[in-house]
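The structure under discussion appears below in the form of structure tokens.
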Protein chains: 2
Amino acid sequence: MGLTSEDIERLDEIVKRTRPLHRGDFLFRDGDRFRSLYVVKTGSVKTFAPSPEGGEQVLGFHLPGEIIGLDAIDKDQHACSAKVLETSAICEIPFQRLEELTSAIPSLQHQMYRLLSKEIGHDTDMLLLLGKKNAEERLAAFLLSLSQRLHKRGLSPSDFYLSMSRHEIGNYLGLAVETVSRLFTRFQDDGLMRVDRKHIELLDLPALEALVGGNGQGRRQNQQR
Amino acid sequence: MGLTSEDIERLDEIVKRTRPLHRGDFLFRDGDRFRSLYVVKTGSVKTFAPSPEGGEQVLGFHLPGEIIGLDAIDKDQHACSAKVLETSAICEIPFQRLEELTSAIPSLQHQMYRLLSKEIGHDTDMLLLLGKKNAEERLAAFLLSLSQRLHKRGLSPSDFYLSMSRHEIGNYLGLAVETVSRLFTRFQDDGLMRVDRKHIELLDLPALEALVGGNGQGRRQNQQR
DNA sequence: CGCGGAATTGATGTGCATCAACTCGGGTGG
DNA sequence: CCACCCGAGTTGATGCACATCAATTCCGCG
């Protein structure tokens with residue numbers, strides 16, 4: 001990716017390692033001044049924004065290797081909160097230092113642009129999910145997303161623990177808790193997965209993929225031609 | 001914003017002015033190699049992505065002053081298409097040239113980060129909209145968004161023409177065409193607005209704002225505490 | 001002037017939210 | 001160490017918002 005080992009070292013120097021955080025801890029809260037980006041090393045974090053009516057919208061679940069806080073650069077202030085879901089190790093990257101560094105290292109600047117751009121791409125995927133998919137497709141997509149992201153980090157793509165509640169999953173996917181619960185049992189009955197409390201085993205990845213995309217007749221699609 | 005007039009001039013030099021484009025023209029298509037960002041000077045553009053089932057998801061409508069293509073930086077390839085909705089003037093900014101410039105001008109780099117970050121913020125708003133709002137709130141939010149963006153460009157915030165079809169609005173908001181149509185007539189009956197074909201007059205901005213946020217009892221909210 | 005797609009309007013169906021009741025674990029304090 | 005409690009999760013019954021289906025009207029345009 002065009003970074004020399006010397007570059008990496010310079011980047012490494014500005015990263016702060018923080019001691020492990022625990023379930024319920026906040027990385028930052030909605031309204032806080034923006035100072036740093038955060039990278040999950042181990043564990044998981046959820047981000048969420050308040051909605052006008054007093055509820056909240058879960059914006060994402062962040063797994064190892066993923067970065068948090070990019071949306072706050074614009075207003076120099078966080079518009080969402082980040083809460084740790086389980087004991088986690090998080091690195092902090094002071095943004096101002098990072099900006100100085102990216103000015104000096106073009107390839108690092110390019111990486112930053114890509115990172116920000118990728119985040120936009122993810123959001124786009126979620127828009128498609130929320131705008132056009134039915135409940136079944138949403139949950140399947142969610143499970144596959146977790147699976148793929150864990151796999152990328154060398155973890156099992158088919159056997160893992162959910163660090164978030166059904167309520168949080170439902171909120172994230174725009175579904176009621178009950179719907180999430182029912183779908184878990186349905187998927188299990190159909191032999192697609194095994195569910196025991198927080199423990200998930202995906203038994204038939206291809207079938208889940210077929211559910212998300214190919215759409216063996218899901219929702220009569222929202223009037224797309 | 002920290003840019004000297006000399007900086008501006010340098011930026012200006014790399015911008016290409018293109019001759020006016022017309023309804024139906026593409027700025028780029030899904031799959032095209034990424035080369036440039038585009039800025040709408042006058043007119044409007046819609047971006048949309050194919051969905052697996054062959055339909056499409058409208059990702060956004062872009063008005064004067066707004067930038068298009070940021071999501072393509074990551075993969076160096078466009079993941080969506082951009083189609084001109086009405087006769088429009090569009091500027092093209094070759095991204096590679098821009099990157100060279102932002103390397104040299106820290107404050108310009110900062111602006112770029114902010115721009116990308118802001119885009120993420122917009123997407124976040126849409127996620128909240130699609131995940132938590134009912135049809136009425138979505139359409140009200142859509143109208144207010146147009147109103148505010150036009151106003152920012154010195155145009156009337158309460159009297160304008162829609163360059164997109166009801167179908168496209170519905171697609172964007174995750175609603176059926178018929179629902180959009182019915183809501184327009186309902187809003188009109190309630191004295192919130194006047195609708196004549198593509199011509200829109202917003203008669204009661206405060207009431208529309210109340211619909212979006214304050215929620216005088218919209219949908220019994222999706223189980224938020 | 002007549003065609004065809006866009007928009008409106010009405011009737012009907014349904015996916016999922018909501019309401020309600022019950023179960024299950026896991027943590028706590030006696 | 002166990003009885004209790006309480007929030008999380010499951011399961012079932014019901015209702016509603018919005019999609020879908022079906023006509024009809026309305027321009028825009030050749």
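All chains are named by letter (A, B, ...) in the order of the sequence lines, taking the proteins before the strands, and each is independently numbered beginning at 1.
For B:Met164 and C:dA7, the CE to P distance is 11 Å, given to the nearest whole Å. Residue A:Leu183 contributes atom CG, which lies 14 Å from atom C1' of D:dG9 at whole-angstrom precision. Atom CG of B:Asn171 is separated from atom P of C:dA7 by 13 Å (rounded to the nearest Å). As a whole-Å value, the separation of A:Leu130 CG from C:dC16 P is 13 Å. Put simply, CZ on B:Arg186 is 14 Å from P on C:dT8, counting in whole angstrom units. In this structure, the CG atom of B:Leu162 is 14 Å from the C1' atom of C:dA6, given to the nearest Å. Remark: P of D:dA17 and CD of B:Glu137 are 12 Å apart, rounded to the nearest angstrom. The distance between atom CD of A:Glu136 and atom C1' of C:dA17, rounded to the nearest whole Å, is 17 Å.
Remark: B:Lys152 NZ is loosely packed, at most 12 non-hydrogen atoms of other residues, nucleotides or ligands lying under 6.0 Å away.
The CD atom of B:Glu56 sits 10.5 Å away from atom OG1 of B:Thr47, with the distance rounded to the nearest 0.5 Å.
Set against C:dC16, D:dG9, C:dA7, the side chain of B:Ser165 has C:dA7 as its closest nucleotide. Here the side chain of A:Thr185 is nearest to one of D:dT11, C:dC16, D:dC18, namely D:dT11. Residue A:Arg197 places its side chain closer to D:dG9 than to any other of C:dT8, D:dC27, D:dG9. Of the listed nucleotides (D:dT10, C:dC16, C:dT8), C:dT8 has the atom at the smallest distance from the side chain of B:Arg166. When distances are taken from the side chain of A:Ser181 to each of D:dG9, C:dC16, D:dC18, the shortest belongs to D:dG9.
A tilted orientation is assigned to the rings of A:Phe34 and A:Phe95, their planes being inclined by 30° to 60°.
Counting any heavy atom pair closer than 4.0 Å across all strands shown, B:Arg182 reaches a base atom.
For residues 20-30 of chain A, there are no salt bridge (charged side-chain N to carboxylate O under 4.0 Å, His left out) pairs, not counting sequence neighbours.
Between the side chain of A:Glu178 and the base of C:dC19, a donor-acceptor pair under 3.5 Å is found.
OP1 or OP2 of C:dA7 lies within a sub-4.0 Å distance of a side-chain N or O belonging to B:Lys198. Contact between the side-chain N/O atoms of B:Thr179 and the OP1/OP2 oxygens of D:dA19 is found at a separation under 4.0 Å.
Each of B:Phe184 and A:Val180 was assigned the nucleotide of DNA chain C with the nearest heavy atom; the assignment lying further toward the 5' end belongs to B:Phe184.
Between B:Glu168 and B:Phe61 the shortest heavy-atom distance is O-CZ, 3.7 Å.
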